[in-house]
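Everything on this sheet refers to the single structure shown next.
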Amino acid sequence: MRSASVAAFFTSVSGHVTPLPSTFPNSQHLLFESVKEDVEGVEMQVTSGAFPDWLQGTKYNNGFGLFETCPADEDCFSINHLADVMSYYSKMEINNGTVRLWSKIQKTKYWQDAQRSKPTYRTFNGTEPPFTAAETIDTLTHPFKTNDNLNVAILQLTTSGRMFGVSDMKGFNEAYENLDYVSGLKLTEKNKPAISKLPLLGIDVVTCAHIGNTLGDKYVYGYNYLLIDGPENDLAVWRVDMTQPDGGAGSSLVREWMGTVKVPGATHISYMHTFANTKNYLVFVGSAFQYNIEGILRYTNIMKAMEWHPEKKNMLWVYEKASGKFIKTFTSDAFWFYHLVNCYEDGSKVVLDINTVDYRHIETAFANEKLRYDYPWEFEEKPTIRIVVDTAAEAGTHFPYEILGPSMDLTTIHPYLHGQDYQYTWGLSWSGKHLWWDNIVKFDVQSKQIVATWHMEDHYPGELIAVPRPGAEYEDDVVILVTMLGGDSGTSYLMAMDGRDLSPLAEARSPFPLPFGSHGCWQGADKSRGCVGETTADPFGKPVQFKKRAVQEGFTVNGFNIGAAVAAVLAGHHLVDKHGRRPALFIGSLLFAVGGGVQTAAQNTIMLIIGRVIAGVGVGITSSAGPAFISEVAPEKIRGMLVGIYQNNVCLAIVAAAVLNYAVHDATWGWRLSLGLQVAMGLLVVLGLYFVCETPRFLESAGRSDAALRVLTRLRAGDKDAAAHELKEVRAEIDTEKAAGDATWSEVFTVPFFRNVVIIGCAVQFFQIMTGINAIVSFSGTLFQALGLHGITFSIIPFVAFTIGNAVGSCLLVDRVGRRPLLLYGMVAMCVTMLVGGGVAVLAQDPDGQIGTAAGYTIVSMIVAYMFSFGISWGFGAWLYISEIMPLRVRGKAVGLCTAMNWGPANQVVAGLLSSELQFSGMAEPVAIRGVTSAVEAQAALSEKPVPKADGWKNAYAALICAFVASTGFFHGYDNGVVNDVFTMPSFRGMMGWPEEDNPTVAFWEGFTVNGFNIGAAIAAVLAGHLLVDKHGRRPALFIGSLLFAVGGGVQTSAQNTIMLIIGRVVAGVGVGITSSAGPAFISEVAPEKIRGMLVGIYQNNVCLAIVAAAVLNYAVHDATWGWRLSLGLQVAMGLLVVFGLYFVCETPRFLESAGRSDAALRVLTRLRAGDQDAAAHELKEVRAEIDTERAAGEATWSEVFTVPFFRNVVIIGCAVQFFQIMTGINAIVSFSGTLFQALGLHGITFSIIPFVAFTIGNAVGSCLLVDRVGRRPLLLYGMVAMCVTMLVGGGVAVLAQDPDGQIGTAAGYTIVSMIVAYMFSFGISWGFGAWLYISEIMPLRVRGKAVGLCTAMNWGPANVMSAFLTPQMIASPLGPGGTLIFFGCVCLAVIPFVLTCVPETKGKTLEEIVPLFRFSGWKGFKSFAQARI
C-alpha cells in the first residue's frame, strides 16, 4: 500500500519537476553542505556569556557529513538522502570555560569507495546523477553487502571510554579519542541464533540506531532482525556488558544474544528506529511503517521498499530481562516514530512517552535538495503520545495511546531520570516557517504544557543534551547544550542554555559551519561513568528525588495581591479622599495599563512579577475609587443596580479571560495577547476619563459648591431644583462626618469598640479567601487538567455558577432573609461541597493516581456547587457586611484594613503557601483542602509557547470569517427572545391597543405575532436549502437572509398596529430561516478541521447569548416610551452589519467546487489555509471526493420520501423528534416567560436571565461532555424525564399555592422559578441540541436534504405555531400559568414512551450501521422495532 505522496516525492527528487530557486532562501542549507575540513583541538571563540565553572566535560555528536564528492574531475556526484551522506564525528570539550573542537569524517569503506567512484550500495534514495545500468546491476547482484556508513548516533559500549558510531544498519564503527577512524568493531558472539535454516538465505543487516542502557544498568541492549527464515522472521535481542575487560582501541567485545520473537509475515518488517528500555523490560514497537523485504532485494533505493500500512495495528513485543525471553505480544493503534522521550515502570505497567512522526517525514524532511532549498512541508506534525503497557494483561490486549503534548523530537531529559518517572523534557519543534526544526521547547509532562520556548529566526538547533547542575534540588536545574547554526554569522556555535527558562548562558563559535549533528552524548570529567545521551545512561547512577518548582507560580499571583493590598490601605485616605475620585481612577487605570505592558513584554519571571505588582496597585486604587464614584453619582433609584454592575463585571471579566485564554492557548503569541489586553483596557478607561466629571460629593467636600451644583444639575438632566435639593442632603452628610471627626490609627487599635469591629471585619475578609474561592479562580485550570478534564466548558461553568449565585443572593435574598443566615448557611454549603469533592477525589483514585470519569464529573459538580454557594453568600456578603458594621469615625481606616487583609495575608496564604508546599502527584489532598497548583500565569513568565503548524495565525483568517458568519445565530436567538418582554411593555401594549391585562383576544394576537416569525422561518427552512443555499451558494443566501432580517426588523420597529408587526415578523422569520440553513453550512465547509466543532458550536452559543442580551435590553428599556422600538430596531442594525460584512467574505470552497469552479475553489481555500497551497489542494481533493460520492448516491424524489417505507420511517421519527422538542414547552418558556413570570407576580432582570443561563450551561455540558460519552438515547430519555418532573412539580405548586385572590406566595414563586430553571437546564443538556443532532445522524444520504428540511419545517411550523397559539391562551385562561406548566409536563410524560420505543442509539455508529435500524414495514415490523428498544 503506497500513497500518492511517495510517488510524487521520487518524481520531484530525481526529475527536478519543481524548478530550483536561483538562490538559497536562508541559511538552512549550511547544515547540509559538505564538511570543509577536519579539525583537531581548535579553540572556539566564546562570543557571549560564560560557561559555568562546574561544566567540565565533552559533548560528542555523530552526524551527516559530506553531501557530495568528486572522485575525479567532472565526475562529481551528490547524495539525495540525508541518511546516506558520509558519517562525521564531532566533539566539543569544555574545560574551565574554554571550548575546543574536534571534527572528523569517518574514513570507512563506504567513504573510501566514494573516493574512486559512486559506491554501489543500496541507499535510501539514490544519488545524483542516478546509478547507471552497470552500477545498478552491481548493487543488485550483491544483495547482502553491508554499508558501514554508520552516521546516526555515537555512544560507548564500555566504561573504558571507547566511542562507537551506530546506525540502522549492522555493525559499529570505532574512533580514537581524537576521532580518527579506527575500524569496524570486531564482536565475539555468544549464543548467536542461526540466521536461517536454509544456507545462504539469512540476513541480519537491519538493526537499531538507538541501542542503550538505562540508569544503573551495566548492560547495553540492542536488537537485529534475522530475515528470510520461512513464513516468519525473527527479532533477536542482544546485550553487551559495559564493565567487561577491554583491550583498548581495535580489540573485540563480547556480545551475548538473548531471546527471539517471531515477527508475523515473511514479506514485511517494521522500521524500528529505537525501543523502550526500562529496569525490567524491553518493549519493541513494531509500527505500520514497514520494509518490504522483496523490495529491498529488488530496488537500489530502499525508500521504494518502505510502505505505510495504517490498516495494520502496531505490535508491542515485551521482553523480560530477568528471564531473557519475550513474554507477551500486545497491539496498539497505528503510528510511527523515530524516538522516545522516556519510558519507565509503574508496577506491572510500562509507560512509553513517544514523539510520533508522519511517515512522510523521512521522505520529505530528509531529502537533501529539499532541505537546502527549504521546500514546503509534505507531511503533517504528529503529537507526543503516551502508551501504558500492562505486562500483566493477557497476550493480545490492545492498548490505545493518549495525546501527551504537541509535536517535538530529539528530546532530552534529566540524565538521572532515564527509566524513571519525570516531569520535564526539552526538545526541538517547528515554528512552521521552515522544513527543519527551528524551535527549542521545554515541556512539562505532568501539566501537559509547553512552559518555555526559544526561537531565533534563521537559527537551527541540533540535538539537545541536558547536563545536571551538581547538587541541584530541582529537576529542571540543568544546562542544555546544543550545537546551533546561526544564520546571522553564517557558522555554527555551541550554546549553553538554562534549563529552567531556556535563557542563553554562553555561546562559543565554530570557525566554520558544522553539518547537522543527530545523536550524541555528554561525558563528564569522570570518564568511567559512561557517555550519557538519549538512550545511554550512567551504568552506576541512581535515581534522584527532586523538589517541585512551584514557588514562582504563587509569587507571580501574589505580586498582584501585594500591590492591591498596599493600594487598598493607602488609596482611600491619601488619594481618593484627598485628591478626588476621578484622579484616582485616572492614576489607577494608567498603572494597570503600565503593569499590563510590563507583563506583556516580560522576558523572565522577575519582570512578570514587577508588572503584576504595578497592575495590582492600579486595581487596588480603582477598586476603592470606582464603587465610591458610582455610589456618589448614580441616581438613588438605580444606585444599587449600578454599584452591583462592578461585581458583575468582575465575574464577566473572569469568564472572558477564560474564553480568550482557551482560544489562544496554543498560539506562540497567545499569552502576550492575553496579558496585553490589560494595556488596551487601562488606556481605554484613561481616555474615557477625559469626558468624565468629578463627583458632586467630592467637589462639595472640597468647598467647590458652585462646581458641585453645575455637575449635579447636568447629571440630573438639567433639573436644577432637584440637584440643589440633593446637594443640600450631601452637604448635611459631609457636615455630620466632619463633626464626628476621623479616628487616629492609635484609636483604631486601642478603643475596644473600634478594635472589635476591625478584628471581626478582618476575620470576615480573611475567611472569605481562605475558604477556597481564590484557589478555584486562580488555579482551576491546573485543577481540572490534573483531573483529566479539558476544554473551555470546564473553565467557564464555575464562574457562570458564581455569577448566578451572586445575582440571586444580592438581588433577591439578602434583604429578605438577612446577612447572617446567608453567611451561615452559605458557609455550610461551601463546607459540604468541598468535603464531598475532596472525599471523592481521595476515594476514587486508582493506584496510579488517576481518577475515573464519573468521579471527575462529581468533583467538578461539587466545585460548581461551591462557586454558586459562595456567590450567593460570601461573594458579596463579606464586603456588604464590613461596610455596614464600621462606625463613621473609623470607616475609612477600618475598611482599608479589612480590604488589605483580603488582598494581603489571605491571598498570600492561598497563592503562595498553597502552590509551593501542597505539591502532589494525585488530586486527593489538594481538592480536600481547596488547594491546587497553577501554571496559568507563571508559565507565561518563562517564554513563548510554540504554535503547531495548523494553529495560531494559520487558522486566524478562517476562524475570523466563521466567527463572523456565526453572528447570524444572534438573529435566531434575538428575534425569539426579544418578544419575551416586549409584550409586557406598557408603551407597546398602548400602541397595539392591548389592555394591561391579557384576555383571550390579546392572547390570540400574541400567539399570532410569535407565529409570524415561525411561519416565515418554516417556509424558508423547507425551500432555502435546495432552492437557494445549494443552487446559488452560501454567501448569497446569507446576504439575502440578513437583508430580509433587517427589513423585517425595520417593519416591526415602525409598526403602527398588530398586522404591521406580524408582517415584519414573517419577513424576519424568512430571513432567519435562510441564515439558519446557510450559516452552519458555511462554517462547516470553511472551518479548519481541528476547530470546526468549536466554530459550528459558536452559532448555537450565539443563539443563547442573544436571548440573554434581549432580556437584559428589554429590562433596561421596559418603562421607556421608545423602549420596545429600540428592542425591535436592533434587528435592523444586526442585519445590516452582517450584510456589510459579507462583502468581505468569500464563497465556500465546497460550493465553488460543486459548481465546477475548481480554480476559484483552490484560490479561496489557499487563502483560508494561510497560503498553504499544498494543504489546500489536498483538502480540496477530499471535498471533491465527497461531492462525487453524494452525486453517485443521487437524490430521492418527494414521492419516494413518502412511499418507500424505510425513508418514511426515518422522516416520521425525525419529524416527531422535532415536534416534541418544541411541544414539551421550551418555546413557551422562551417566548412567554415574561408574561408567565408576571402572572406569577415575579418581576426583575434576574427572572428574565436565569432560565437562559441555565439553558446555556446545560447545552454546553450536554454537547461538550456527555453526548459522546453516554450516548444520544440516554440523554434524550432521561432529559425528558427530568423535564416532565420539573414541569409537573412547578405547575402543581403554582396551582396548589394560589390564594383565593389568585396570588402566589414568595416561597412558592421561587419554587416555581427553580423548577423552570431546572427544566431549562434539563432541556439544554438533552433535547436542546440532541434533537438536531439526532435527525442529522439518522437520515440516509439520498433523502437527507428533503428529510432534514421537512423535520426543520415541523419544528418551525406546526410545533412552534401550536406552542405559540396555545401558550398565551392557556396562561390567560382559568388554567393559568400553573395549568400551562402541567399541560407541558403531561406532553413530556407522553414523549417518554416514544423515546423508549422509537429512538435507537446512534452513538459511535456509521451511517451504514444506522440505516438498518429503521428498516421495518407494517405493524408487525414496527412492533419488533419498538420491542428491540425496550
Side-chain angles (χ1 to χ4, degrees), residues 31-42 58 60-73 75-93 100-124 127 135 138-139 142 145-157 161-187 205 207 209 248-253 368 492 510-521 531:
L31 278 176
F32 312 105
E33 298 284 5
S34 294
V35 177
K36 302 306 179 187
E37 58 181 304
D38 285 355
V39 296
E40 186 170 325
V42 64
T58 305
Y60 287 89
N61 271 107
N62 189 354
F64 313 114
L66 288 177
F67 173 76
E68 68 277 311
T69 189
C70 296
D73 292 341
D75 187 23
C76 298
F77 71 91
S78 61
I79 300 171
N80 288 334
H81 196 273
L82 198 61
D84 299 319
V85 301
M86 306 300 176
S87 174
Y88 97 102
Y89 299 163
S90 70
K91 74 173 185 178
M92 298 176 185
E93 183 182 84
R100 296 188 181 277
L101 170 68
W102 284 256
S103 177
K104 301 287 182 70
I105 282 285
Q106 297 304 291
K107 298 178 180 179
T108 63
K109 187 175 188 305
Y110 182 84
W111 178 87
Q112 294 169 24
D113 288 349
Q115 308 313 301
R116 296 186 293 271
S117 63
K118 279 183 291 186
T120 52
Y121 295 83
R122 281 174 174 76
T123 60
F124 271 88
T127 60
E135 290 166 339
D138 182 56
T139 303
H142 296 83
K145 184 164 64 172
T146 302
N147 185 339
D148 63 352
N149 182 46
L150 307 179
N151 57 8
V152 175
I154 188 169
L155 48 80
Q156 293 182 356
L157 291 175
R162 295 167 64 185
M163 303 303 300
F164 299 93
V166 65
S167 186
D168 290 302
M169 295 298 174
K170 173 184 175 182
F172 300 90
N173 285 335
E174 183 174 5
Y176 291 108
E177 188 173 354
N178 67 353
L179 300 187
D180 284 342
Y181 178 68
V182 177
S183 65
L185 171 63
K186 302 174 183 65
L187 290 165
V205 297
T207 184
S251 64
S252 66
L253 295 176
N368 288 321
S492 300
S510 166
F512 51 82
L514 295 170
F516 180 79
S518 56
H519 298 291
C521 54
C531 196

Original post:
Between the side chain of Tyr88 and the main-chain N/O of Pro515, is any donor-acceptor distance below 3.5 Å?
Top reply: yes

Original post:
Which distance, rounded to the nearest 0.5 Å, do you find between the CZ of Phe172 and the CG of Leu150?
Top reply: 8.5 Å

Original post:
In Å and rounded to the nearest 0.5 Å, what is the CG to CG distance from Asn61 to Leu514?
Top reply: 9.0 Å

**OP:** Kindly indicate whether the side chain of Thr123, heavy atoms from C-beta on, has any atom under 4.5 Å from the side chain of His81.
**Re:** no

Original post:
About how many Å separate CG of Asp84 and CG of Asn147, when rounded to the nearest 0.5 Å?
Top reply: 7.5 Å

**OP:** Taking the side chain as every heavy atom from C-beta outward, state whether Pro511 and Leu101 have any pair of such atoms under 4.5 Å apart.
**Re:** yes

Original post:
Side chains of Leu253 and Leu157: closer than 4.5 Å at any heavy-atom pair?
Top reply: yes

Original post:
Looking only at heavy atoms, what is the nearest atom pair of Thr58 and Glu93, with distance?
Top reply: OG1-CG, 3.7 Å

Original post:
Within the distance-only criterion (no hydrogens, no angle test), does the side chain of Asn173 pair as donor or acceptor with the backbone N or O of Asp148 below 3.5 angstrom?
Top reply: yes

**OP:** Evaluate the side-chain contact (heavy atoms from CB on, under 4.5 Å) criterion for residues Phe512 and Val39: first the C-alpha distance (whole Å), next the side-chain angles of each, then the deciding distance (0.1 Å), finally the verdict.
**Re:** CA-CA 10 Å; Phe512 51 82; Val39 296; 3.4 Å; yes

Original post:
Once you round to the nearest 0.5 Å, how far does CG of Leu66 lie from OG of Ser78?
Top reply: 12.0 Å

Original post:
Do the rings of Phe516 and Phe64 sit parallel, tilted or perpendicular, given the 30° and 60° boundaries?
Top reply: parallel

Original post:
Looking at side-chain heavy atoms only, is the closest gap between Ser251 and Arg162 below 4.5 Å?
Top reply: yes

Original post:
With side chains defined as the heavy atoms from C-beta onward, is the minimum distance between Thr69 and Phe77 less than 4.5 Å?
Top reply: yes

**OP:** Ignoring hydrogens and angles, tell me if any N or O in the side chain of Ser518 forms a donor-acceptor pair with the backbone of Val152 under 3.5 Å.
**Re:** yes

Subject >> Test item: side-chain donor near acceptor, Tyr121 and Asp113, under 3.5 Å >> reply: yes

**OP:** Taking all heavy atoms of Tyr60 and all of Cys531, pick out the closest pair and write down the distance.
**Re:** CD1-SG, 3.9 Å

**OP:** Using modelled atom types only, decide if a donor and an acceptor are shared between the side chain of Gln106 and the backbone of Val182 within a distance under 3.5 Å.
**Re:** no

Subject >> Flag if over 12 foreign heavy atoms under 6.0 Å of CD, Glu177 >> reply: no

Original post:
For the side chain of Asn151 and the backbone of Val85, is there at least one donor-acceptor N/O pair under 3.5 Å apart?
Top reply: yes

Original post:
What pair of heavy atoms forms the shortest contact from Ala153 to Ala209, and how long is it?
Top reply: CB-O, 3.8 Å

Subject >> Spacing of CE belonging to Met163 relative to CG belonging to Asn62, to within rounding of 0.5 Å >> reply: 9.5 Å

**OP:** Step by step, work out the side-chain contact (heavy atoms from CB on, under 4.5 Å) result for Lys104 and Asn178.
**Re:** CA-CA 8 Å; Lys104 301 287 182 70; Asn178 67 353; 4.1 Å; yes

**OP:** Measure across Gly250 and Glu174 and return the closest heavy-atom pair with its distance rounded to 0.1 Å.
**Re:** N-OE1, 3.1 Å

**OP:** For Asn149 and Ser167, test the side chains for any donor-to-acceptor distance below 3.5 angstrom and give the result as yes or no.
**Re:** no

Subject >> Interatomic spacing from CD in Gln112 to NZ in Lys107 - rounded to 0.5 Å >> reply: 9.5 Å

